[in-house]
Asks: 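So that we are looking at the same thing, I have put the structure below in structure tokens.
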Amino acid sequence: MSQDKKIIAAEKAIEYVKNDMKIGLGTGSTADEFTKILSKKIIEGLDVICVPTSKKTEKLAIELSIPLSTLSELGSLDLTVDGTDEVDSNLSLIKGGGGALLREKIIAYNSKSLIIIADDSKKVKKLGDFKLPIEISKFEHSTINDKILLKLEEIGYFGESFIRKLNSKNFITDGGNLIYDFSIGSIEEPYMVNQIVNSIPGVIENGLFVDMADVVILGKKGDIEVIKR
């Protein structure tokens, strides 16, 4: 059923796509549904060019014969369609469960509009049930992690963190960095946490997307909910 909800959300997002658009392609299972539907529209004659947010998405897009480019070539994008791990009532997000948070944020920031698609289970009152991913430099990463925990404690967030693993080895992002996942409870001030974390040397980026989503499309059982900022 969750997969059906993802498809429902992805199908709605396609309605925002017009000819000659430059589109950012998100990463993750829900974003993949959008990419698959988009490829069918291209076969039917839709003329767009896309920028992927990860190597995984790039591979899928190539397999589906979707025309690709880069931000440096296109300058900016008309819209990006991506998934999320959590979304609150203010449309703040936690992203990065798939490990592509840095490239996702770069692409989203350089888009005129960010459309988020998800199943309705991703909607929460407050962010924080999903662990906050933070991408960190390999250099002295354990010290950087300790400093993040200390700085978060100073603003009232207490918890723990774990380095992300894949097949018993440290997970490495497309940018060659590490990810630590932080469990710090309910995030009452996403903007403040975002600013504090990103001010620490060695932090590449974090998974809080604040004031970035313009439209959130939630797939429900046989229905959708569209929330606009």
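Quantities reported herein were computed from a predicted structural model and do not represent experimental measurements.
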Asks: Go through S161 and I134 one step at a time and tell me if the side-chain contact (heavy atoms from CB on, under 4.5 Å) criterion holds.
Replies: CA-CA 10 Å; S161 61; I134 302 180; over 6 Å; no
Asks: I'd like to know if the side chain of R103 reaches the main chain of D174, judged simply by a donor and an acceptor atom lying under 3.5 Å from each other, with no hydrogens or angles considered.
Replies: yes
Asks: Is the number of heavy atoms from other residues, nucleotides or ligands within 6.0 Å of NZ (K228) greater than 12?
Replies: no
Asks: If you draw a 6.0 Å radius around CZ in F139, do more than 12 non-hydrogen atoms from other residues or ligands fall strictly inside?
Replies: no
Asks: When rounded to the nearest 0.5 angstrom, what distance separates NZ in K123 from OG in S89?
Replies: 8.0 Å
Asks: Could you tell me if the side chain of D82 sits less than 4.5 Å from the side chain of K95, heavy atoms only?
Replies: yes
Asks: Could you grab the distance from atom CD1 of I116 to atom CG of L93, nearest 0.5 Å is fine?
Replies: 5.0 Å
Asks: Nearest 0.5 angstrom please: L102 CG to N206 CG, how far?
Replies: 10.5 Å
Asks: Charged N to carboxylate O below 4.0 Å: is that the case for E44 and K40?
Replies: no
Asks: Distance check, rounded to the nearest 0.5 Å: I66 atom CD1 versus I43 atom CD1?
Replies: 9.0 Å
Asks: For the hydrophobic clusters of this structure (ILVMFWY residues joined by side-chain heavy atoms under 4.5 Å, transitively), does one cluster hold both L64 and I49?
Replies: no
Asks: Considering only heavy atoms from C-beta outward, does the side chain of K126 approach that of D88 to under 4.5 Å?
Replies: no
Asks: Between the main-chain N or O of I8 and the side-chain N or O of K220, is there a donor-acceptor pair closer than 3.5 Å?
Replies: no
Asks: For a side chain to side chain donor-acceptor pair (under 3.5 Å) check, start with the C-alpha distance between N90 and S92, then their side-chain angles and the critical distance, and finish with the verdict.
Replies: CA-CA 5 Å; N90 296 315; S92 293; 5.5 Å; no
Asks: Do we see a donor-acceptor contact under 3.5 Å between the side chains of N177 and K138?
Replies: no
Asks: If only atom types and distance count, is the side chain of T57 paired as donor or acceptor with the main-chain N or O of P52 below 3.5 Å?
Replies: no
Asks: Roughly how far apart are L71 CG and N110 CG, rounded to 0.5 Å?
Replies: 5.0 Å
Asks: In this structure, would I224 and L114 fall into the same cluster of hydrophobic residues linked by side-chain contacts under 4.5 Å?
Replies: no
Asks: Tell me if the NZ atom of K22 is crowded by more than 12 foreign heavy atoms within 6.0 Å.
Replies: yes
Asks: Take N170 and K165, measure what side-chain contact (heavy atoms from CB on, under 4.5 Å) needs, and give me the verdict at the end.
Replies: CA-CA 4 Å; N170 290 345; K165 300 284 186 177; 2.7 Å; yes
Asks: Could you check whether any side-chain heavy atom of E189 comes within less than 4.5 Å of a side-chain heavy atom of Y157, counting everything from C-beta outward?
Replies: yes
Asks: Could you walk me through whether I117 and K6 pass the side-chain contact (heavy atoms from CB on, under 4.5 Å) check?
Replies: CA-CA 7 Å; I117 55 176; K6 293 175 181 180; over 6 Å; no
Asks: Is it the case that the side chain of K151 and the backbone of V197 share a donor-acceptor pair, with hydrogens and angles ignored and the cut-off at 3.5 Å?
Replies: no
Asks: Can you confirm whether more than 12 heavy atoms, excluding those of Y16, are under 6.0 Å from its OH atom?
Replies: yes
Asks: Does I94 reach the side chain of K131, with side-chain heavy atoms less than 4.5 Å apart?
Replies: no
Asks: Taking the side chain as every heavy atom from C-beta outward, state whether L38 and C50 have any atom pair closer than 4.5 Å.
Replies: yes
Asks: Sequence neighbours excluded and cut-off under 3.5 Å, please list the side-chain donor-acceptor pairs for residues 179-187, or say none.
Replies:
unit_1: Y180; atom_1: OH; unit_2: H141; atom_2: ND1; d: 2.7
unit_1: D181; atom_1: OD1; unit_2: R164; atom_2: NH2; d: 2.7
unit_1: D181; atom_1: OD2; unit_2: R164; atom_2: NE; d: 3.0
unit_1: S186; atom_1: OG; unit_2: E188; atom_2: OE2; d: 3.2

Asks: Any side-chain to backbone donor/acceptor pair from T173 onto L178? Under 3.5 Å, distance only.
Replies: no
Asks: Given the rule in the side-chain contact (heavy atoms from CB on, under 4.5 Å) test, do D120 and E225 qualify, once you have shown the distances and angles that lead to the verdict?
Replies: CA-CA 8 Å; D120 58 349; E225 179 182 2; 5.8 Å; no
Asks: Any side-chain heavy atom of L132 within less than 4.5 Å of one from L127?
Replies: no
Asks: Measuring from I23:CD1 to L68:CG, what's the distance to the nearest 0.5 Å?
Replies: 11.5 Å
Asks: For residues V17 and F34, determine if any side-chain heavy atom of one lies less than 4.5 Å from a side-chain heavy atom of the other.
Replies: yes
Asks: Tell me every residue that passes salt bridge (Lys or Arg N to Asp or Glu O under 4.0 Å) with K112, counting only those two or more places apart in sequence or in another chain.
Replies: D78
Asks: Within the side chain of E86, is there an N or O that forms a donor-acceptor pair under 3.5 Å with the backbone of D129?
Replies: yes
Asks: Do L60 and K56 come within less than 4.5 Å of each other through their side chains, counting heavy atoms only?
Replies: no
Asks: If you measure from the Lys or Arg side-chain nitrogens to the Asp or Glu carboxylate oxygens, is any gap between E58 and K55 under 4.0 Å?
Replies: no
